[in-house]
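Everything numeric here is computed off the predicted structure, so don't read it as measured data. Chain naming here is simple, since letters A, B, ... match the order of the sequence lines and numbering starts at 1 in each.
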Number of protein chains: 2
Amino acid sequence: MADVFQLLAEPSRRHLLEALREGEQSVNDLVVRTRMTQPSVSKQLRILRDSGMVSLRPVGRQHLYSIQGRSLREASEWLSYYEQFWQEGLDRMDEALQRPPRARTRRKA
Amino acid sequence: MADVFQLLAEPSRRHLLEALREGEQSVNDLVVRTRMTQPSVSKQLRILRDSGMVSLRPVGRQHLYSIQGRSLREASEWLSYYEQFWQEGLDRMDEALQRPPRARTRRKA
DNA sequence: GCCACACATACCTAAATGGATATATGTCTG
DNA sequence: CAGACATATATCCATTTAGGTATGTGTGGC
């Protein structure tokens with residue numbers, strides 16, 4: 001597993017991925033949305049691209065980036081081994097509740 | 001809020017969590033399993049504990065650690081927003097695109 | 001009380017890296 | 001082709017931090 005978590009550890013890179021959730025975007029789009037400087041965006045995109053987490057489609061003088069899910073899937077699979085640990089916790093807390101889980105502490109990353 | 005992904009970025013901490021998947025373990029157990037030095041194990045456990053990712057139960061002169069799933073759940077939820085990106089290509093998605101994930105559906109343990 | 005055991009912390013050093021500024025590469029328009 | 005525009009890279013710097021060694025704290029047995 002080419003350190004997926006290391007990539008996700010950086011808030012700036014997560015911000016980029018969050019912006020890219022809304023679809024393919026140019027570098028400048030990402031600069032505006034994330035309020036990072038352009039070189040920083042390019043630098044982090046380069047890292048994300050080298051690791052296969054985003055892909056690049058050149059259109060004219062723009063570079064359109066989009067998410068490539070494969071690496072993220074690996075991270076998700078690693079985490080899936082731990083589902084029991086937070087479900088145990090919920091079960092204990094909910095105890096008698098057989099209802100499907102209501103949104104408890106919903107929060108965004 | 002401590003950065004979950006930052007915690008998971010460190011291989012040594014992931015190794016500890018992987019070892020703890022098999023259940024509560026003493027520090028020395030973890031030293032043996034991970035082949036780290038004892039101070040390193042203690043140091044990383046301290047970090048994991050401060051962030052609520054593991055919990056400590058003292059028994060005699062031993063400290064038994066176990067996984068606390070809440071933080072990991074947050075990471076998993078963040079990733080769940082990207083499921084659509086690795087599901088693309090596996091099969092055609094309906095126009096009903098995956099919307100913001102609700103609490104992950106309960107899985108058989 | 002003393003000593004061995006189990007673990008935690010203090011301190012230091014070396015390596016990694018994010019962000020900023022400056023500059024280079026590449027592409028479009030006229 | 002010049003010049004604007006879009007993005008990439010180069011370089012420097014400051015911060016973070018993992019890991020090692022030495023030592024501190026706490027517990028149990030005799």
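- Atom CG in Leu48(B) sits about 15 Å away from atom C1' in dA8(C), given to the nearest Å.
- Here the side chains of Ser42(B) and Val27(B) are in contact, with some heavy-atom distance below 4.5 Å.
- Within the nucleic acid shown, Leu30(B) has no heavy atom closer than 4.0 Å to any nucleic acid atom.
- Shown here is Arg70(A), whose CZ atom has no more than 12 heavy atoms of other residues, nucleotides or ligands within 6.0 Å.
- Between dC7(C), dA4(C), dT9(D), one nucleotide has an atom nearer to the side chain of Arg61(B) than all others, and that is dA4(C).
- Atom NZ in Lys43(A) sits about 10 Å away from atom C1' in dC12(D), given to the nearest Å.
- Rounded to an integer number of Å, the gap from CG of Leu16(B) to P of dA18(D) is 12 Å.
- Computed from coordinates, the Asp3(B) CG to dT16(D) P distance equals 14 Å when rounded to whole Å.
- His15(B) has its NE2 atom 9 Å from the P atom of dG19(D), to the nearest Å.
- For Ser40(B), counting side-chain heavy atoms from C-beta on, the closest listed nucleotide (dG20(D), dA20(C), dA18(D)) is dG20(D).
- Gln44(A) and Ser40(A) form no side-chain donor-acceptor contact under 3.5 Å, judged by distance and modelled atom types alone.
- Side chains of Leu17(B) and Leu8(B) form a contact here, defined as non-hydrogen atoms less than 4.5 Å apart.
- Of the candidate nucleotides dA18(D), dA8(C), dA8(D), dA8(D) has the atom nearest to the side chain of Pro39(A).
- Atom CZ of Phe5(A) and atom C1' of dT17(C) are 20 Å apart (whole Å).
- When rounded to the nearest whole Å, the span between CD of Gln44(A) and P of dA8(D) equals 12 Å.
- The nearest heavy atom of DNA chain C to Val27(B) and to Val59(A) marks one nucleotide each, and the one closer to the 5' end goes with Val27(B).
- In the set dT9(C), dG19(D), dA8(C), the nucleotide with an atom closest to the side chain of Arg46(B) is dT9(C).
- Out of dA18(D), dA6(C), dT9(C), the shortest distance to the side chain of Gln62(B) is found at dA6(C).
- Remark: His63(A) is in phosphate contact with dA8(D), judged by side-chain N or O atoms under 4.0 Å from OP1 or OP2.
- In the set dT7(D), dG18(C), dG19(D), dT7(D) carries the atom at the smallest distance from any side-chain atom of Ser42(A).
- With hydrogens and angles ignored, the 3.5 Å screen pairs no side-chain donor or acceptor of Arg73(B) with any backbone N or O of Phe85(A).
- Regarding Arg13(A), its CZ atom lies at a distance of 12 Å from the C1' atom of dG19(C), rounded to whole Å.
- A cation-pi arrangement, defined by a distance under 6.0 Å to the six-membered ring centre and an angle within 45 degrees of its axis, is absent between Arg14(B) and Phe5(A).
- Under 4.0 angstrom from either OP1 or OP2 of dA6(C) there lies no side-chain N or O belonging to Tyr65(B).
- The base of dA8(D) is paired with the side chain of Gln38(A) by a donor and an acceptor separated by under 3.5 Å.
- At a threshold of 4.0 angstrom between heavy atoms, the contacts of Thr37(B) are confined to the sugar-phosphate backbone, with no base atom among them.
- Closest-nucleotide positions on DNA chain D for Asn28(A) and Gln6(B) were compared, and the one nearer the 5' end corresponds to Asn28(A).
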